[in-house]
Amino acid sequence: MRLRLAQPSALIDVTRIAAMKTIRVDAGIVTIGAAVCHADVAQHADLARAIPGLSGLAAHIGDRQVRALGTIGGSLANDDPAACYPAAVLALGGTVVTDRRRIAAGDFFVGMYETALAPDELITAIEFPVPERSAYEKFRNPASHFALVGIYVAKFADGVRVAVTGAASSVFRCAELEAALSADFSQTAARAVTVSAATLNTDMHASADYRAHLIPVLAGRAVATANG
Ligand SMILES: Cc1cc2nc3c(=O)[nH]c(=O)nc-3n(C[C@H](O)[C@H](O)[C@H](O)COP(=O)(O)OP(=O)(O)OC[C@H]3O[C@@H](n4cnc5c(N)ncnc54)[C@H](O)[C@@H]3O)c2cc1C
């Protein structure tokens with residue numbers, strides 16, 4: 001709205017709907033209400049024990065003011081190509097729960113600022129399977145703290161999922177890194193991967209080649225963090 005990209009005639013604040021403001025940590029699954037702000041995700045003790053990579057991601061979104069007001073549902077519905085949460089939802093294989101259906105992460109992110117949501121569809125919660133280990137690393141834009149490139153790496157019993165944000169028109173999974181890290185979950189294996197710059201963004205902040213260089217570097221750092 002500040003950029004005049006949207007000029008609605010009426011606004012409804014969903015952040016006071018109590019049912020959308022809870023975080024639940026059950027065996028193997030974490031459910032975060034869509035109206036939970038980033039600061040509350042970052043500070044939730046049970047969540048930090050279950051998926052520390054996710055609370056770490058939330059703790060480094062924007063600044064204090066942004067973390068106090070911005071919500072996980074708002075971030076996902078907005079689907080900024082440099083936003084952090086889309087990488088976590090895609091890498092963890094999350095499910096976006098709406099007022100009418102459940103949308104798998106792989107079907108949710110359609111393109112730049114574009115999701116599978118209908119215009120009147122409300123995200124009520126997001127479900128995350130708990131991985132064996134995971135971590136998020138971003139090379140942040142120093143002005144906004146959005147991701148110039150951000151990588152979420154998640155290791156499950158049946159393999160590794162890696163999602164990249166900030167580098168292209170929309171968040172995507174990196175097959176080369178997933179194959180390498182499923183075989184050897186190490187920083188060295190991540191650094192040995194070469195990522196093509198062909199479909200990546202060049203803008204005033206970084207070239208496509210630079211973003212391609214950052215992807216395995218940040219993936220390696222995320223693996224090192226996840227491995228403790
Ligand atoms: C200075 C600055 C720095 C930032 N840095 C980062 C960063 O480092 N990393 C990052 O990931 N993000 C960053 N952000 C984005 C921020 O985290 C917010 O999540 C984002 O701006 C969306 O704001 P919001 O959650 O208040 O949603 P809103 O602005 O209220 O909504 C955004 C859109 O989503 C829709 N919407 C909201 N909630 C729902 C729902 N439950 N269901 C369906 N549609 C919904 C709204 O109608 C609107 O179209 C930054 C923002 C600012 C201003």
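Position 1 is the first residue of the sequence; numbering continues from there. This one's a predicted model, so the numbers in the text were calculated from it and none came from an experiment. Remember, it's 1-based here, ligands and their atoms both numbered in the order they're listed.
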Could you tell me the residue and atom name of the protein heavy atom closest to atom 42 (N) of ligand 1, and the distance to it rounded to 0.1 Å? I123 N, 2.8 Å
Check the angle between the aromatic planes of Y210 and F139 and answer parallel, tilted or perpendicular using the 30° and 60° thresholds. perpendicular
Have a look at ligand 1 and work out which part of A83, if any, has a heavy atom under 4.0 Å from it: side chain, backbone, both or neither. both
Between the candidates L5, D99, T71, which shows the shortest non-hydrogen contact distance to atom 24 (P) of ligand 1? T71
Atom 34 (O) of ligand 1: the protein heavy-atom neighbour that sits closest, reported with distance to 0.1 Å: A77 CB, 3.4 Å
Under 4.0 Å, heavy atoms only, figure out whether ligand 1 is touched by the backbone of K138, its side chain, both or neither. side chain
Atom 53 (C) of ligand 1: nearest protein contact (heavy atom, Å): V66 CG2, 4.1 Å
Short N/O distance, under 3.5 Å, between S144 and ligand 1? yes
Quick check: does any side chain N or O of R211 sit under 3.5 Å from a backbone N or O of N201, one acting as donor and the other as acceptor? yes
Hey, is R67 touching ligand 1 through its side chain, its backbone, both or neither, going by heavy atoms under 4.0 Å? neither
Step by step, work out the side-chain contact (heavy atoms from CB on, under 4.5 Å) result for D80 and Y113. CA-CA 5 Å; D80 188 303; Y113 295 107; 3.2 Å; yes
Return yes when at least one protein heavy atom is under 4.0 Å from atom 48 (C) of ligand 1, and no when none is. no
Show the atoms of ligand 1 that are less than 4.0 angstrom away from any heavy atom in A34. 41 (N)
Please name the pair of heavy atoms, one in A189 and one in L181, separated by the smallest distance, quoted to 0.1 Å. CB-CD2, 4.4 Å
